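Given the structure is predicted, the values throughout are model-derived calculations rather than measurements.
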Amino acid sequence: MTTIAYPGTFDPITLGHEEIMRRSLRVFDKVVIAVAHGAHKEPLFTLGERVAMVEEATAYSERIEVAPVVGLLADFLASHNITTLLRGMRSVSDFEYEMQLADVNRRLGKGVETIFMAPDTDHIYVFSSVVREVAMFGGDVSHYVNPSVADKLNQKLAAQNIHNAKSVG
């Protein structure tokens with residue numbers, strides 16, 4: 001059985017992420033979605049909330065497993081006996097960062113390989129950070145996330161009193 005891990009913070013999970021997940025099932029027997037703690041990014045959603053959103057978005061397949069990652073990805077991979085990572089690469093601007101990550105994971109994971117998959121053109125410029133910002137200013141995110149995620153995003157922003165915030169200038 002071929003198993004691959006698809007790591008990310010998924011803050012929130014986008015239609016681009018979901019598309020990569022669906023397509024990866026054509027190539028791999030099992031896909032482990034490794035939801036990273038992402039403290040360096042100051043995520044909007046808690047790790048538990050992000051895991052729940054990814055589980056809901058991937059409930060259509062028993063071949064997808066969702067697991068939280070706290071600590072080094074290399075340690076997570078070793079504990080799950082996974083030697084291959086899947087990363088989405090949207091554009092040339094992603095290339096240098098993704099190559100650095102691949103090198104770090106190969107060294108720390110003692111030979112972990114990274115496979116890159118390009119999203120389809122409908123999702124090539126979808127970034128979680130852009131989705132959060134659009135939602136923060138009251139914009140329509142329905143082209144970027146599924147309806148359930150859009151609802152959770154709007155609820156989270158409203159609860160934090162930053163929904164529809166206006167810039168001061």
Side-chain angles (χ1 to χ4, degrees), residues 1-71 73 75-77 79-82 84-90 94 101 114-165:
M1 179 190 281
T2 57
T3 301
I4 194 164
Y6 180 28
T9 51
F10 306 106
D11 187 41
I13 183 173
T14 68
L15 294 177
H17 293 130
E18 290 184 42
E19 183 240 339
I20 293 285
M21 292 170 191
R22 274 191 303 279
R23 287 178 40 224
S24 68
L25 290 173
R26 288 189 246 156
V27 182
F28 303 98
D29 297 318
K30 182 177 179 183
V31 180
V32 177
I33 310 302
V35 183
H37 184 257
H40 65 287
K41 291 186 173 184
E42 298 181 27
L44 176 64
F45 291 97
T46 67
L47 181 58
E49 290 169 331
R50 288 180 281 128
V51 166
M53 283 190 287
V54 174
E55 286 174 338
E56 184 178 337
T58 60
Y60 61 88
S61 177
E62 293 179 5
R63 294 173 35 220
I64 294 179
E65 176 186 326
V66 182
V69 178
V70 178
L73 180 59
D75 295 338
F76 173 87
L77 296 173
S79 71
H80 285 75
N81 219 16
I82 298 173
T84 310
L85 291 174
L86 174 64
R87 296 289 296 170
M89 191 177 306
R90 296 170 290 225
D94 284 347
L101 284 180
T114 302
I115 294 174
F116 299 103
M117 186 178 280
D120 69 25
T121 55
D122 290 341
H123 303 112
I124 203 154
Y125 295 111
V126 177
F127 295 82
S128 293
S129 58
V130 170
V131 171
R132 288 191 310 271
E133 188 168 342
V134 168
M136 187 184 321
F137 289 99
D140 178 13
V141 296
S142 64
H143 297 290
Y144 308 113
V145 297
N146 73 47
S148 173
V149 171
D151 289 344
K152 288 174 178 59
L153 185 57
N154 288 326
Q155 290 168 11
K156 178 66 108 171
L157 292 170
Q160 293 185 0
N161 278 332
I162 55 176
H163 194 44
N164 292 323

Next item on the list: Using the side chain to side chain contact (heavy atoms under 4.5 Å, CB included) rule, take Thr114 and Leu101 through it: C-alpha gap first, then chi angles, then the decisive distance, then the call.
Entry: CA-CA 9 Å; Thr114 302; Leu101 284 180; over 6 Å; no

Check: How far apart are the C-alpha atoms of Phe45 and Leu153, what are their side-chain angles, what is the distance that settles it, and do they pass the side chain to side chain contact (heavy atoms under 4.5 Å, CB included) test?
Finding: CA-CA 9 Å; Phe45 291 97; Leu153 185 57; 3.8 Å; yes

Does the side chain of [X] reach to within under 4.5 Å of the side chain of [Y], using non-hydrogen atoms?
X: Val35; Y: Val66; value: yes
X: Pro43; Y: Thr9; value: no
X: Met21; Y: Ile13; value: yes
X: Pro12; Y: Ser128; value: yes
X: Ile33; Y: His17; value: no
X: Pro7; Y: Val69; value: no
X: Val149; Y: Val131; value: no
X: Lys152; Y: Glu49; value: no

Note to self: Quick check on side-chain contact (heavy atoms from CB on, under 4.5 Å): which of Thr3, Val32, Thr58 does Glu65 satisfy it with?
What the structure shows: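 Only one option passes, and that is Val32.
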
Check: Do you know the tightest heavy-atom contact between Ala57 and Asn146?
Finding: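 Looking at all heavy atoms of both residues, the shortest contact is CB-ND2, 4.0 Å.
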
Checklist line | Closest contact, heavy atoms only, Val31 versus Tyr6 | finding: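 Smallest interatomic distance, heavy atoms only, reads CG1-CB, 4.2 Å.
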
Next item on the list: For atom CG of Asp29, decide whether the heavy atoms of other residues, nucleotides or ligands shown that lie under 6.0 angstrom number more than 12.
Entry: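 Yes, the 6.0 Å shell around CG holds more than 12 heavy atoms from other groups.
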
